[in-house]
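Some notes on the structure that comes next.
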Amino acid sequence: MALALLEDWCGMMGVDEQKSLMVTGIPVDCDEAEIQEVLQETLKSLGRYRLLGKIFRKQENANAVLLELTEDADVPGIPSEIQGKGGVWKVIFKTPNQDTEFLERLNLFLDKEGQTVSGMFRALGHEGVSPAAAPCVSPELLAHLVAQAIAHAPQPLLPMRYRKLRVFSGSAVPAPEEEPFEIWLEQATEIVREWPVAEAEKKRWLMESLRGPALDLMHIVQADNPSVSVEECLEAFKQVFGSLESRRTSQVRYLKTYQEEGEKVSAYVLRLEILLRRAVEKRAIPRNIADQVRLEQVMAGASLSEVLWCRLRELKDQGPPPNFLELMKVIREEEEEEAAFENENIEEPEEGVGWDHEGGR
């Protein structure tokens, strides 16, 4: 999941995933200056980098940051963990041979099942690769073709493994081992959508995680409608245990969200997008004007350079407002230009003046 988030985040920000790192497990009360202090000390062997953005991860109740390396880094020298405020922070990165490692694991699994890669392609009905040609293609190309075949297969290649949810009771005072409702609901919804088993099995699986009032609600819902689907059960949980934030509250929360000191405009837009989508779901903001509302809020709530403000003003005046990704692309381009301009104007330190490895002059 963390690697998939890194890939998606890099794609959205338009940066090379092979030259990017994601650091997770950062406490929410850790400000950017503290984050930079830890990263500069622990990642100094990797050379220069840029901090592209910060997001909050509900699953960990912690923040994550995305870094773009500006120099070629030695992969073995990248630490998997660093010691930061509040404990250990995890470093997520994609190795150059990740596809080869994936194929090795795939071949090991197929061998245990008495199958081959060629047989897998036949079972998937993928016509892009013939059984005879499969062993001859490069690992990178084969990994790409396997991903394509799985994505277009009518059924999943392998059934999703059984995953046990953490306990949720809906009690006023939750036990230490319980999951907060929003996190429990997000995990349950994801698994329900992807797990290819019968509805009855999904309902039994869901009930395993329930205690107290939550289990009582499940019994009530099923008693009222024995054929109720798992999705309908989850909707009932949303109504009883979900956030009571009103339309007006979600609208006000969005409109009063401004760029924080030291926060990049791109990071602010990403943070703002979560609130906008929540407001749209609550019907506090009409979906058909979401792009317009997003652009107006960025222009009102962000500290923009004169060049960026003019570009956004031009987008607003010339036609349909940009969608989220289009807006992010414009902002990222200007941030790159500003960073490049600043680097060109940094004066070289005088010869003989600097800090040695011992920390003194």
Side-chain angles (χ1 to χ4, degrees), residues 1-40 42-43 46-71 73 78 82 84-86 89-94 254 257-278 294-295 297-299 301-305 307-309 311-312 322-343:
M1 293 292 290
L3 185 59
L5 175 60
L6 170 64
E7 293 172 343
D8 291 345
W9 200 352
C10 288
M12 182 181 66
M13 300 295 283
V15 296
D16 186 352
E17 60 191 34
Q18 296 284 2
K19 293 186 177 181
S20 302
L21 305 176
M22 183 173 70
V23 182
T24 66
I26 302 172
V28 293
D29 61 345
C30 191
D31 60 32
E32 186 166 338
E34 292 175 304
I35 296 173
Q36 289 278 23
E37 183 179 357
V38 172
L39 297 180
Q40 287 171 3
T42 56
L43 302 180
L46 303 182
R48 299 178 63 185
Y49 63 84
R50 283 194 290 269
L51 197 157
L52 300 181
K54 178 177 68 174
I55 58 173
F56 175 70
R57 301 188 71 198
K58 290 193 295 184
Q59 298 92 328
E60 298 180 351
N61 191 32
N63 286 328
V65 297
L66 179 66
L67 309 177
E68 181 185 24
L69 303 178
T70 58
E71 301 174 11
I78 302 177
I82 58 179
K85 179 179 178 181
W89 300 356
K90 293 185 178 180
V91 181
I92 311 299
F93 57 95
K94 187 171 183 180
Y254 173 78
T257 298
Y258 303 103
Q259 183 183 1
E260 297 176 353
E261 185 176 354
E263 183 180 34
K264 286 181 173 290
V265 179
S266 54
Y268 165 64
V269 175
L270 185 60
R271 183 165 57 89
L272 191 68
E273 186 66 15
I274 297 172
L275 298 177
L276 175 59
R277 297 193 179 196
R278 189 177 302 164
R294 180 191 302 109
L295 180 58
Q297 182 61 24
V298 171
M299 295 182 70
S303 178
L304 305 173
S305 66
V307 173
L308 181 53
W309 190 91
R311 284 198 67 180
L312 297 187
N323 61 30
F324 170 67
L325 291 179
E326 291 169 342
L327 178 61
M328 184 66 81
K329 183 176 184 295
V330 171
I331 291 171
R332 287 280 295 123
E333 287 174 350
E334 288 303 323
E335 287 179 341
E336 288 292 330
E337 288 289 336
E338 290 176 14
F341 179 77
E342 290 175 2
N343 289 337

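Taken from CZ in R278 to CD in E273, the straight-line distance is 12.0 Å, to the nearest 0.5 Å. To the nearest 0.5 Å, the span separating CZ on R332 from CG on L52 amounts to 5.0 Å. Atom CZ of R271 is separated from atom OG1 of T257 by 6.0 Å, given to the nearest 0.5 angstrom. Here NZ of K19 is found 12.5 Å from CG of L21. Values are rounded to the nearest 0.5 Å. In this structure, C30 SG and I35 CD1 are separated by 4.5 Å, a value rounded to the nearest 0.5 Å. The distance from atom CD of E333 to atom CG of L308, rounded to the nearest 0.5 Å, is 10.5 Å.
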Evaluate the side chain to side chain contact (heavy atoms under 4.5 Å, CB included) criterion for residues V307 and E338: first the C-alpha distance (whole Å), next the side-chain angles of each, then the deciding distance (0.1 Å), finally the verdict.
CA-CA 10 Å; V307 173; E338 290 176 14; 5.8 Å; no
Give the C-alpha distance, both sets of side-chain angles, the deciding distance and a yes or no for side chain to side chain contact (heavy atoms under 4.5 Å, CB included) between I331 and K264.
CA-CA 10 Å; I331 291 171; K264 286 181 173 290; over 6 Å; no
Start with the C-alpha distance between W309 and M299, add both sets of side-chain angles, then the distance that settles side chain to side chain contact (heavy atoms under 4.5 Å, CB included), and finish with yes or no.
CA-CA 7 Å; W309 190 91; M299 295 182 70; 3.8 Å; yes
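Contact of the I55 side chain with the L5 side chain is registered, since non-hydrogen atoms from C-beta on lie closer than 4.5 Å. Counting only heavy atoms from C-beta outward, the side chains of L327 and L312 approach each other to under 4.5 Å. Counting only heavy atoms from C-beta outward, the side chains of Y49 and L39 approach each other to under 4.5 Å. Side-chain contact between E32 and Q36 is present, with heavy atoms from C-beta onward closer than 4.5 Å. Residues L67 and L46 have side chains not in contact (no heavy-atom distance under 4.5 Å, counting atoms from C-beta outward). Side-chain contact between K329 and L325 is absent, with no heavy atoms from C-beta onward closer than 4.5 Å. Put simply, the side chain of L66 reaches to within 4.5 Å of the side chain of L6, judged on heavy atoms. The side-chain heavy atoms of E263 and Y258, taken from C-beta on, include no pair separated by under 4.5 Å.
In this structure, R311 pairs ionically with E334, as a charged nitrogen and a carboxylate oxygen lie closer than 4.0 Å. A salt bridge links E336 with R50: at least one charged nitrogen is closer than 4.0 Å to a carboxylate oxygen.
V38 and G84 make their closest contact through CG1-CA, 4.1 Å (heavy atoms, listed as atom of the first residue, atom of the second, distance). Across E34 and D31, no two heavy atoms sit closer than the pair N-OD1, 2.8 Å. Minimum heavy-atom separation, V269 to F324: CG1-CE1, 3.8 Å. Here the shortest heavy-atom pairing between N63 and P27 reads ND2-O, 4.0 Å. The two residues A64 and W9 have their closest heavy-atom pair at O-CH2, 3.6 Å. Shortest non-hydrogen contact noted between A267 and K54 is CB-N, 4.1 Å.
In this structure a side-chain-to-backbone donor-acceptor pair under 3.5 Å is present from Q259 to S303. Listed for the E68 side chain is no donor-acceptor partner under 3.5 Å among the backbone atoms of V15.
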